[in-house]
Amino acid sequence: MRASHGIITTLSASFSLTSAACSKPSFLYVSSYAGGITTYKLGSKGLEQVGSISQICGTNPSWQTLVGEDQYYCINENWDQGNGTFTSAKLNADGTLAFVGNSSTHGGPVHIALYGENGHGVATANYGSGTVDTLDISNPALPKVLQTEVFPVTPDNRTGQEQSRPHQGVLDPTGNFLVFPDLGWDLLRVYQVGSSSLQLTSKTAHELDRGTGPRHGVFLKTDSKTFFYVANELANTILGFEITYENDELSFSQVFNGTTHGNGEVPPSETRAGELILSHDNKFLIVSSRLGLTDTFTLSNGTTIKSDSLITFSIDQQSGKLAFVQKAPSGGNFPRHFTFNKAGTQVAVVSGVDQWITIFERDVATGKIGKSLATATLTSGPNHILWKE
Ligand SMILES: *[C@@H]1O[C@H](CO)[C@@H](O)[C@H](O)[C@H]1NC(C)=O
Ligand SMILES: *[C@@H]1O[C@H](CO)[C@@H](O)[C@H](O)[C@H]1NC(C)=O
Ligand SMILES: *[C@@H]1O[C@H](CO)[C@@H](O)[C@H](O)[C@H]1NC(C)=O
Ligand SMILES: *[C@@H]1O[C@H](CO)[C@@H](O)[C@H](O)[C@H]1NC(C)=O
Ligand SMILES: *[C@@H]1O[C@H](CO)[C@@H](O)[C@H](O)[C@H]1NC(C)=O
């Protein structure tokens with residue numbers, strides 16, 4: 001995940017829009033590893049920056065979460081500089097951020113998972129330090145660290161997997177379990193959750209083949225079954241499992257194994273799987289593929305560049321198997337994160353190396369991503385985007 005970072009160029013902002021479809025403005029919050037959260041308003045004039053770049057999330061913000069209308073959380077990964085930070089803020093009506101409170105965490109947090117009754121708990125997956133912290137956020141002004149899980153270094157010191165790398169916490173549909181993909185250990189670590197105490201209790205982890213590099217996962221609950229999918233950063237595969245619950249444990253039974261590019265296409269070796277997102281209608285799974293640059297994309301100024309990809313799969317709700325739908329350009333280099341609008345008709349993607357964001361149209365029925373609608377160039381590489389409507 002650190003394959004590219006720290007790119008800072010001189011201040012530049014450019015906006016372009018080929019469609020002005022939105023009547024009511026929405027806001028997009030974009031975090032950048034070089035520091036800062038940039039707010040954009042998406043309205044009839046396209047993407048316009050609102051206010052100045054906010055520094056409330058610290059030096060290397062890596063993830064953002066919105067609860068309800070205006071409760072905002074972010075974390076500072078704080079590369080190799082010791083402790084990370086968890087920050088709580090309010091979204092002002094004009095789209096700017098107002099600091100509420102913060103807490104230190106162990107080093108290198110990269111994801112925020114909300115859990116517990118009324119979501120009063122947070123688990124941070126701390127990639128940098130091979131730890132997981134839990135925090136009580138009942139009072140957003142005073143987030144309080146409760147528990148820390150410290151994972152040992154890996155025994156084989158495998159390149160890129162020298163230590164534990166928890167990359168995300170994924171709450172299961174019952175709210176009783178958190179799964180942490182550990183990229184360093186090739187484990188899906190499982191914890192049972194005390195929904196009022198917020199206590200995490202370690203359960204049997206699911207082991208993947210050495211070199212898989214699990215990064216981000218997602219649960220899908222269908223009428224009769226529960227599935228879990230994980231995008232693997234090192235193997236560039238997606239694995240799907242049917243999940244059953246037995247004696248307070250999760251049991252993983254593999255139902256799908258395919259490459260992130262679909263159709264058995266093996267991505268180039270430098271490729272790194274990025275984000276994995278389930279569409280709001282539960283029908284499609286979309287993965288971003290970074291650094292392979294196997295697509296092309298034509299910018300609004302007519303220049304055609306090499307681009308990474310967003311790959312869409314449809315989900316068989318009975319078997320949990322995935323079927324390839326489309327491999328579309330993500331709009332540039334290094335789509336570490338992307339997100340949908342509520343209707344699922346648009347997708348916003350960060351291009352971390354190119355230092356811009358792109359909004360594409362999306363067909364909800366087919367799942368296919370279409371033409372680009374708007375772009376904005378940042379002063380540093382964006383890594384995460386949150387869409388507030
Ligand atoms: C928490 O916020 C305060 C006020 O903005 C700031 O001075 C402090 O450095 C922050 N703490 C951490 C651990 O980042
Ligand atoms: C800050 O980091 C140190 C070293 O990893 C750790 O001992 C300490 O508990 C951390 N503080 C918090 C609040 O996580
Ligand atoms: C792991 O491998 C690296 C690179 O070969 C080496 O520098 C380091 O000392 C090794 N660490 C351990 C704990 O063996
Ligand atoms: C997934 O498929 C690949 C390619 O066929 C194979 O090498 C790998 O062992 C499989 N992994 C699992 C966990 O089934
Ligand atoms: C188009 O924009 C890209 C990205 O900003 C830039 O690298 C390229 O030089 C531009 N092409 C032209 C013809 O202006």
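Whatever order the structure lists them in is the order used to number ligands and atoms, beginning at 1.
There is a side-chain donor-acceptor pair under 3.5 Å between Y245 and D172. N76 and T59 form a side-chain donor-acceptor contact under 3.5 Å, judged by distance and modelled atom types alone. In this structure, a donor-acceptor pair under 3.5 Å is present between the side chains of T304 and T298. Remark: the D133 side chain and the T148 side chain contain an N/O donor-acceptor pair separated by less than 3.5 Å.
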request  = Would you check, one step at a time, whether the test side chain to side chain contact (heavy atoms under 4.5 Å, CB included) holds for L276 with Y229?
outcome  = CA-CA 8 Å; L276 183 71; Y229 299 92; 4.0 Å; yes
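Of all the heavy atoms of T105, the ones lying under 4.0 Å from any atom of ligand 2 belong exclusively to the backbone. Residue D209 touches ligand 4 through its side chain alone, judged by heavy-atom distances below 4.0 Å.
Residues E275 and R215 are not paired through a salt bridge, judged by the lack of any N-O separation under 4.0 Å between the basic side chain and the carboxylate. With salt bridges taken as basic N to acidic carboxylate O contacts below 4.0 Å, one links R210 and D186.
Of the polar atoms of S104, none of the N or O atoms is found under 3.5 Å from an N or O of ligand 2, judged by distance alone. Ligand 2 has an N or O atom lying under 3.5 Å from an N or O atom of N83, backbone or side chain.
The residues lining ligand 5, counting any heavy atom closer than 4.0 Å, are L299, N301, T303, W356.
Residue Y72 is found in a hydrophobic cluster whose other members, listed by chain and number, are F27, Y29, I37, V50, I56, L66, L91, L97, F99, L386; membership requires side-chain heavy atoms under 4.5 Å apart, directly or through intermediates.
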